[in-house]
Amino acid sequence: MAVKIKLKRLGKIRQPHYRIVVADARTRRDGRAIEEIGLYHPTYNPSRIEVNAERAQYWLSVGAQPTEAVLAILKLTGDWQAHKGLPAPAPLLQPEPKADKRASFEAFAKTLEGDEAKGEAITQKAKKTEKKADEAEAAAESTEA
């Protein structure tokens, strides 16, 4: 019997959540599983990945084959490298919290308080009379040629 480590899809239509499961290769994607060894929530920021490393190592050692998606997850967590005897990957970096937009806007506004151009448009609007005069000159040149 071939055993695979694969993702079992849960959740709503546009809010997928996955469980990392060990199952017979012949079962459906969301079918019966032998054991659940982890979680994967891709819609969270940052993505939530939890893998029971001990159980993953056991199933890899007895010959369970991970699917491509699970292999990528196991490489991120370092379980695949531990199984193959490779050096561990760099730790997952958490994104820095974004700066408060309002605070940065207020700081920028304070730097502009001394400027005279406060509240005015930066670019000047083109005058219609200049535009019409340019069109008339272009028409005159085309008739002369």
Side-chain angles (χ1 to χ4, degrees), residues 1-139 142:
M1 172 171 86
V3 177
K4 288 219 174 240
I5 303 174
K6 56 187 179 179
L7 295 176
K8 179 178 182 178
R9 190 182 194 282
L10 303 168
K12 298 179 184 177
I13 291 175
R14 288 177 183 81
Q15 297 175 349
H17 292 30
Y18 299 94
R19 290 188 183 157
I20 302 170
V21 298
V22 178
D24 183 3
R26 297 171 289 183
T27 61
R28 300 180 303 219
R29 176 190 70 176
D30 302 335
R32 185 168 164 239
I34 298 170
E35 182 180 359
E36 293 179 2
I37 61 171
L39 300 172
Y40 174 53
H41 298 263
T43 56
Y44 292 179
N45 189 10
S47 297
R48 180 179 173 198
I49 299 173
E50 293 179 16
V51 178
N52 185 345
E54 182 179 312
R55 297 306 296 163
Q57 292 299 319
Y58 167 75
W59 284 108
L60 289 170
S61 68
V62 295
Q65 295 298 311
T67 60
E68 289 181 21
V70 173
L71 181 61
I73 292 171
L74 292 176
K75 284 182 180 179
L76 285 175
T77 60
D79 294 321
W80 183 254
Q81 288 87 339
H83 172 66
K84 290 292 185 180
L86 302 172
L92 294 176
L93 299 176
Q94 298 295 330
E96 296 178 10
K98 293 183 179 179
D100 185 24
K101 290 182 180 181
R102 182 158 186 89
S104 62
F105 174 76
E106 289 173 357
F108 178 70
K110 286 180 183 179
T111 61
L112 294 179
E113 284 180 4
D115 293 347
E116 296 177 14
K118 186 175 180 183
E120 295 181 14
I122 296 173
T123 56
Q124 299 293 327
K125 292 185 177 180
K127 296 181 180 177
K128 293 180 180 179
T129 56
E130 292 176 1
K131 195 173 189 181
K132 289 181 181 178
D134 291 338
E135 290 175 3
E137 289 177 8
S142 65

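A distance of 13.5 Å separates NE2 of His17 from CG of Leu7, quoted to the nearest 0.5 Å. Atom-to-atom distance recorded for Lys4:NZ and Trp59:CH2 is 14.5 Å, nearest 0.5 angstrom. To the nearest 0.5 angstrom, Glu35 atom CD is 7.5 Å from Asn52 atom CG. Within the model, atoms CD1 of Ile5 and CD1 of Ile20 stand 9.0 Å from one another, a figure rounded to the nearest 0.5 Å. For the atom pair Leu71 CG and Gln65 CD, the distance stands at 9.5 Å (nearest 0.5 Å).
Side-chain contact check for Tyr58 versus Arg55: some heavy-atom pair is nearer than 4.5 Å. Contact of the Pro89 side chain with the Gln81 side chain is registered, since non-hydrogen atoms from C-beta on lie closer than 4.5 Å. Between Leu39 and Arg19 the shortest side-chain heavy-atom distance falls below 4.5 Å. Between Thr27 and Lys6 the shortest side-chain heavy-atom distance falls below 4.5 Å.
Using cut-offs of 30° and 60° for the angle between ring planes, the Trp80 and His83 rings count as tilted. Aromatic ring orientation, Tyr18 versus Tyr40: parallel (interplanar angle below 30°, classes split at 30° and 60°).
Scanning all heavy atoms of the two residues, the minimum distance from Pro42 to Ser47 falls at O-OG, 3.5 Å. Across Ile49 and Leu76, no two heavy atoms sit closer than the pair CD1-CD1, 4.0 Å.
Put simply, the side chain of Asp79 never gets that close to the backbone of Ala53: no donor and acceptor are under 3.5 Å apart.
Ion pair Arg102/Glu106 flagged as a salt bridge, since at least one NZ, NE, NH1 or NH2 atom sits closer than 4.0 Å to an Asp/Glu carboxylate oxygen.
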Test log, rule side-chain contact (heavy atoms from CB on, under 4.5 Å), inputs Leu74 and Leu60: CA-CA 11 Å; Leu74 292 176; Leu60 289 170; 4.2 Å; yes
